[in-house]
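In what follows, a single structure is set out as structure tokens and then discussed.
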Amino acid sequence: QTSFEDTTNDGTWTFDSWDKQSDKVNKADVTFTGYWTFKEKTSDFSITKTVDKATYEKVGEVLNYTVVVKNTGEKDLTGLTISDDKTTFDNPTFDLKKGESKELKYTYIITEADVTAKSITNTAKVKLGDKERKDTTTSTLVEKKSGFYITKTVNKAMYEKIGDVLTYKVTVKNTGEKKLEKLTISDTKVTLNEDPFNLEVDASQEFTYSYTVTEDDVKAKKVINVATVTHGKDEKSAEAISKLKENKPEPQPNPEPTPQ
């Protein structure tokens, strides 16, 4: 036998060589001094962490994490502890037999701070005594583009007098990649008491309202009316123009010449 397990010292003894000068041969028996090397069993472990989404889009989205801890050493491990900077484990301490693995799954919900930060770096750590192993995942915010357009029409391109009514229609459409919230609309000629409104992607909303021509409009000979929609720092406007219809005086017949 050239090696044997030492359960007391948790290692293996391996025969290296013998001292030739120490041998004694007594018929069937041979005795000699041998040299042995002791190797203690190693203890080690690995940790692998994965996340189901490399990107996220909004508050409330859920990231699913999986951590696998494996005993990569030559002996059983007792008293490993796991920690994570995004969650708390109910039972963070566990044991692993030689060659055994443990899988842990948990979730994390995206917060407003994560959207502002535009990325989430999450680190899981496993410790055993002074030895520590860790693995990190990163998920990045996908910033969807936002956009909208506004159009405005008027039912009369011409007006004639004070008291004429002009009816306007404003259409706002979400042309971006994400829902728009708390848009507001205003108008230069009409006070609108509209509440802030939301628009899903590709959705439109129409506003219809009227304006009565005044004496100043007749004098100015046109009405320029501008509607503006605001979303955060984004602002877009559209105008509609109506002009005064001026009645031309009818031509007067030339007087007949007086006979001389």
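Note: hydrogens, waters and symmetry copies are ignored here, and every other heavy atom, side chains too, is used.
The shortest side-chain heavy-atom distance between Tyr65 and Lys105 does not fall under the 4.5 Å cut-off. Side-chain contact between Ile185 and Thr228: absent, with no pair of heavy atoms (C-beta onward) separated by less than 4.5 Å. Between Val68 and Ile47, every side-chain heavy-atom pair lies at or beyond the 4.5 Å cut-off. Residues Asp44 and Lys131 meet the side-chain proximity criterion, which asks for heavy atoms closer than 4.5 Å. Counting heavy atoms from C-beta on, the side chains of Leu63 and Ile120 come closer than 4.5 Å. For the pair Lys161/Asp164, a side-chain contact is recorded, criterion being any heavy-atom separation below 4.5 Å from C-beta on.
Side-chain contact check for Asp84 and Tyr106: at least one donor-acceptor pair (N or O, by modelled atom type) lies under 3.5 Å. A donor atom on one side chain and an acceptor atom on the other are found under 3.5 Å apart for Asp114 and Tyr108. No donor-acceptor contact under 3.5 angstrom links the side chains of Lys102 and Asn71, judged on distance only. Between Lys49 and Asn122, the side chains place a donor N or O and an acceptor N or O closer than 3.5 Å (distance only, hydrogens not considered). A donor-acceptor contact closer than 3.5 angstrom is absent between the side chains of Lys127 and Thr81. Using modelled atom types and a 3.5 Å distance limit, the side chains of Asp187 and Tyr209 yield a donor-acceptor pair.
Counting all heavy atoms, side chain and backbone alike, Leu96 lies closest to Leu80 at N-CD1, 4.0 Å. Nearest heavy-atom pair, Asp95 versus Gly79, reported as atom, atom and distance to 0.1 Å: OD1-N, 2.8 Å. Summarising the geometry of Lys125 relative to Lys134, their closest heavy-atom pair is CG-CB, 3.7 Å, with the distance given to 0.1 Å. Residue Leu244 comes nearest to Val218 through the heavy atom pair CD2-O, 3.4 Å, listed as atom of the first residue, atom of the second, then distance. Summarising the geometry of Gly176 relative to Val201, their closest heavy-atom pair is O-CG1, 3.4 Å, with the distance given to 0.1 Å. Shown here for Ser204 and Leu199, the closest heavy-atom pair between the two residues is C-CD2, 3.9 Å.
For Lys222 and Asp217, the salt-bridge test fails: no basic side-chain N is under 4.0 Å from an acidic carboxylate O. Taking the charged nitrogens against the carboxylate oxygens, Glu100 and Lys70 have no contact shorter than 4.0 Å, which rules out a salt bridge. The pair Glu239-Lys152 does not count as a salt bridge, with every side-chain nitrogen at least 4.0 angstrom from each carboxylate oxygen. Ion pairing between Glu57 and Lys178 fails under the 4.0 Å rule for side-chain N and carboxylate O.
In this structure a side-chain-to-backbone donor-acceptor pair under 3.5 Å is missing from Tyr159 to Thr212. Between the side chain of Glu177 and the backbone N or O of Lys144 there is no donor-acceptor pair closer than 3.5 Å. In terms of modelled atom types and a separation under 3.5 Å, the side chain of Thr188 and the main chain of Val226 share a donor-acceptor contact.
With hydrophobic clusters built from ILVMFWY side chains whose heavy atoms lie under 4.5 angstrom apart, Val51 does not share a cluster with Val62. The same ILVMFWY cluster, assembled from side-chain heavy atoms under 4.5 Å apart, contains both Leu192 and Leu166. Criterion: ILVMFWY side-chain heavy atoms under 4.5 Å apart, direct or through other members. Under it, Val229 and Val154 are part of a common hydrophobic cluster.
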Verdict with supporting geometry, Leu141 and Thr55, side-chain contact (heavy atoms from CB on, under 4.5 Å): CA-CA 6 Å; Leu141 176 70; Thr55 61; over 6 Å; no
Passes side-chain contact (heavy atoms from CB on, under 4.5 Å), Asp202 versus Asn174? Steps please. CA-CA 5 Å; Asp202 291 328; Asn174 183 347; over 6 Å; no
Run the ring-ring contact (aromatic ring centres under 6.0 Å, His included) check on Phe207 and Tyr168 step by step: do they pass? CA-CA 8 Å; Phe207 301 88; Tyr168 297 100; over 10 Å; no
I'd like to know whether Ser237 forms a side-chain contact (heavy atoms from CB on, under 4.5 Å) with Ile150, so could you lay out the CA-CA distance, the side-chain angles of the two residues, the decisive distance to 0.1 Å, and finally the verdict. CA-CA 7 Å; Ser237 299; Ile150 172 175; 5.7 Å; no
Are Lys236 and Asp234 close enough, and set up right, to give a salt bridge (Lys or Arg N to Asp or Glu O under 4.0 Å), and what steps lead you there? CA-CA 7 Å; Lys236 291 184 172 58; Asp234 196 3; 3.1 Å; yes
What's the verdict on side-chain contact (heavy atoms from CB on, under 4.5 Å) for Phe94 and Val69, showing C-alpha distance, side-chain angles and the deciding distance? CA-CA 10 Å; Phe94 58 97; Val69 185; 4.1 Å; yes
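Here CD1 of Ile241 is found 5.0 Å from CD1 of Ile224. Values are rounded to the nearest 0.5 Å. The structure places NZ of Lys58 at 11.0 Å from NZ of Lys179, a figure rounded to the nearest 0.5 Å. Note that NZ of Lys169 is 13.0 Å distant from OG of Ser210, once rounded to the nearest 0.5 Å. Atom NZ of Lys98 is separated from atom NZ of Lys75 by 11.5 Å, given to the nearest 0.5 angstrom. In this structure, CG in Leu104 is found 4.5 Å from CD1 in Ile82, a value given to the nearest 0.5 Å. Between Thr214 atom OG1 and Lys219 atom NZ the span is 9.5 Å, to the nearest 0.5 Å.
Shown here is Lys86, whose NZ atom has more than 12 heavy atoms of other residues, nucleotides or ligands within 6.0 Å. Shown here is Ile109, whose CD1 atom has no more than 12 heavy atoms of other residues, nucleotides or ligands within 6.0 Å. Counting heavy atoms of neighbouring residues, nucleotides and ligands inside a 6.0 Å radius, atom NZ of Lys53 exceeds 12 of them. Crowding of Asn91 atom CG: a count of heavy atoms from other residues, nucleotides or ligands under 6.0 Å not exceeding 12.
Ring-plane geometry between Phe148 and His231 is classed as perpendicular, the angle between the planes exceeding 60 degrees on a 0 to 90 degree scale with a lower cut at 30.
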